[in-house]
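Everything on this sheet refers to the single structure shown next.
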Amino acid sequence: QVQLVESGGKSVQVGGSLRLSCAASGRTFSSDCMAWFRQATGKEREFVANMRNNTATAYYAPSVKGRFSISRDNAKNIVYLQMNSLKPEDTAVYYCAAGRLGGALARGYDYWGQGTQVTVSS
């Protein structure tokens with residue numbers, strides 16, 4: 001059974017930092033594109049960042065570029081999202097996703113985690 005389990009979400013103050021983790025199990029994801037999406041209350045799910053293993057090239061949404069960093073440990077089947085200089089508009093449920101197609105659209109991913117809440121307050 002394939003599972004993605006996120007952790008690390010919590011409430012932080014503006015300017016703070018958090019590191020989210022996503023533990024994947026059930027199969028090897030080394031060939032997949034791993035990504036983070038987020039969904040704020042009342043808004044659509046949006047792309048945050050992704051990374052393919054074969055290139056180790058990361059892509060970021062303009063709203064988080066320079067503040068967030070995605071990384072992955074293929075030996076442990078874990079993907080991370082380091083979030084710095086957090087803003088109130090970063091408040092959302094953050095989802096981990098895995099898929100062979102990848103990209104910035106949700107339809108490019110076959111597996112999703114249950115999400116972890118990040119709340120940024122001033």
Side-chain angles (χ1 to χ4, degrees):
Q1 181 182 359
V2 174
Q3 274 193 317
L4 301 178
V5 180
E6 303 95 335
S7 61
K10 60 188 293 186
S11 295
V12 295
Q13 292 193 327
V14 170
S17 297
L18 276 179
R19 189 177 79 159
L20 305 182
S21 299
C22 172
S25 61
R27 70 171 179 84
T28 300
F29 288 86
S30 58
S31 298
D32 287 58
C33 184
M34 302 295 294
W36 288 94
F37 285 74
R38 68 186 182 185
Q39 187 167 17
T41 302
K43 296 187 177 181
E44 294 186 353
R45 191 170 299 191
E46 64 174 2
F47 171 78
V48 174
N50 70 6
M51 175 181 276
R52 283 203 174 273
N53 180 54
N54 56 349
T55 64
T57 300
Y59 295 92
Y60 299 92
S63 59
V64 307
K65 195 170 185 179
R67 300 188 298 121
F68 290 12
S69 178
I70 186 172
S71 59
R72 55 193 294 173
D73 184 335
N74 287 321
K76 297 181 179 179
N77 250 6
I78 297 177
V79 62
Y80 302 99
L81 184 68
Q82 177 67 42
M83 306 187 295
N84 299 325
S85 302
L86 284 162
K87 304 175 181 180
E89 51 264 43
D90 295 320
T91 296
V93 177
Y94 283 72
Y95 297 91
C96 175
R100 296 297 174 95
L101 182 62
L105 299 178
R107 64 172 180 257
Y109 298 87
D110 306 303
Y111 304 101
W112 293 83
Q114 82 290 348
T116 186
Q117 176 71 47
V118 172
T119 302
V120 184
S121 57
S122 56

So how far is it from [X] [atom1] to [Y] [atom2], rounded to the nearest 0.5 Å?
X: Ser25; Y: Lys76; atom1: OG; atom2: NZ; value: 15.5 Å
X: Arg27; Y: Gln1; atom1: CZ; atom2: CD; value: 13.5 Å
X: Ser21; Y: Glu6; atom1: OG; atom2: CD; value: 10.0 Å
X: Ser69; Y: Arg19; atom1: OG; atom2: CZ; value: 10.5 Å
X: Leu4; Y: Phe29; atom1: CG; atom2: CZ; value: 5.0 Å

Going hydrophobic residue to hydrophobic residue with side-chain gaps under 4.5 angstrom, can you get from [X] over to [Y]?
X: Met34; Y: Met83; result: yes
X: Val118; Y: Val14; result: yes
X: Val93; Y: Val48; result: no
X: Tyr80; Y: Val12; result: no
X: Trp36; Y: Tyr111; result: yes

Looking only at non-hydrogen atoms, find the nearest pair between [X] and [Y] and report the distance.
X: Ser85; Y: Asp90; value: O-OD2, 4.4 Å
X: Ser31; Y: Arg52; value: O-NH1, 4.0 Å
X: Val120; Y: Lys87; value: CB-O, 3.2 Å
X: Phe47; Y: Asn50; value: CZ-N, 3.5 Å
X: Tyr109; Y: Gly99; value: CD2-N, 3.6 Å
X: Cys33; Y: Gly103; value: SG-N, 4.4 Å

Query raised in the report: Considering residues, nucleotides and ligands other than Glu44, do more than 12 of their heavy atoms fall under 6.0 Å from its CD?
Result: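 At most 12 heavy atoms, drawn from other residues, nucleotides or ligands, come within 6.0 Å of this atom.
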Query raised in the report: When you look at CD of Gln114, are more than 12 heavy atoms from neighbouring residues, nucleotides or ligands closer to it than 6.0 Å?
Result: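 More than 12 heavy atoms, drawn from other residues, nucleotides or ligands, come within 6.0 Å of this atom.
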**Report entry** Side-chain donor-acceptor contact under 3.5 Å, Asn74 with Arg72
**Finding:**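 Yes.
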Query raised in the report: Can you tell which of Leu81, Ile70, Val79 makes a side chain to side chain contact (heavy atoms under 4.5 Å, CB included) with Leu20?
Result: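 Exactly one candidate clears the test, Leu81.
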Query raised in the report: Does NZ or CZ of Arg45 fall inside the cone over Phe37's six-membered ring, less than 6.0 Å from its centre and within 45° of the axis?
Result: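 Because its charged atom misses either the 6.0 Å distance or the 45° angle limit, Arg45 does not stack over Phe37.
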Query raised in the report: Can you list every side chain to side chain donor-acceptor pair (under 3.5 Å) pair that touches residues 92-107, not counting sequence neighbours?
Result: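 For residues 92-107: Asp32-Arg100, Arg38-Tyr94.
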Query raised in the report: Could you go step by step and tell me if Leu18 and Phe68 meet the side chain to side chain contact (heavy atoms under 4.5 Å, CB included) rule?
Result: CA-CA 10 Å; Leu18 276 179; Phe68 290 12; over 6 Å; no
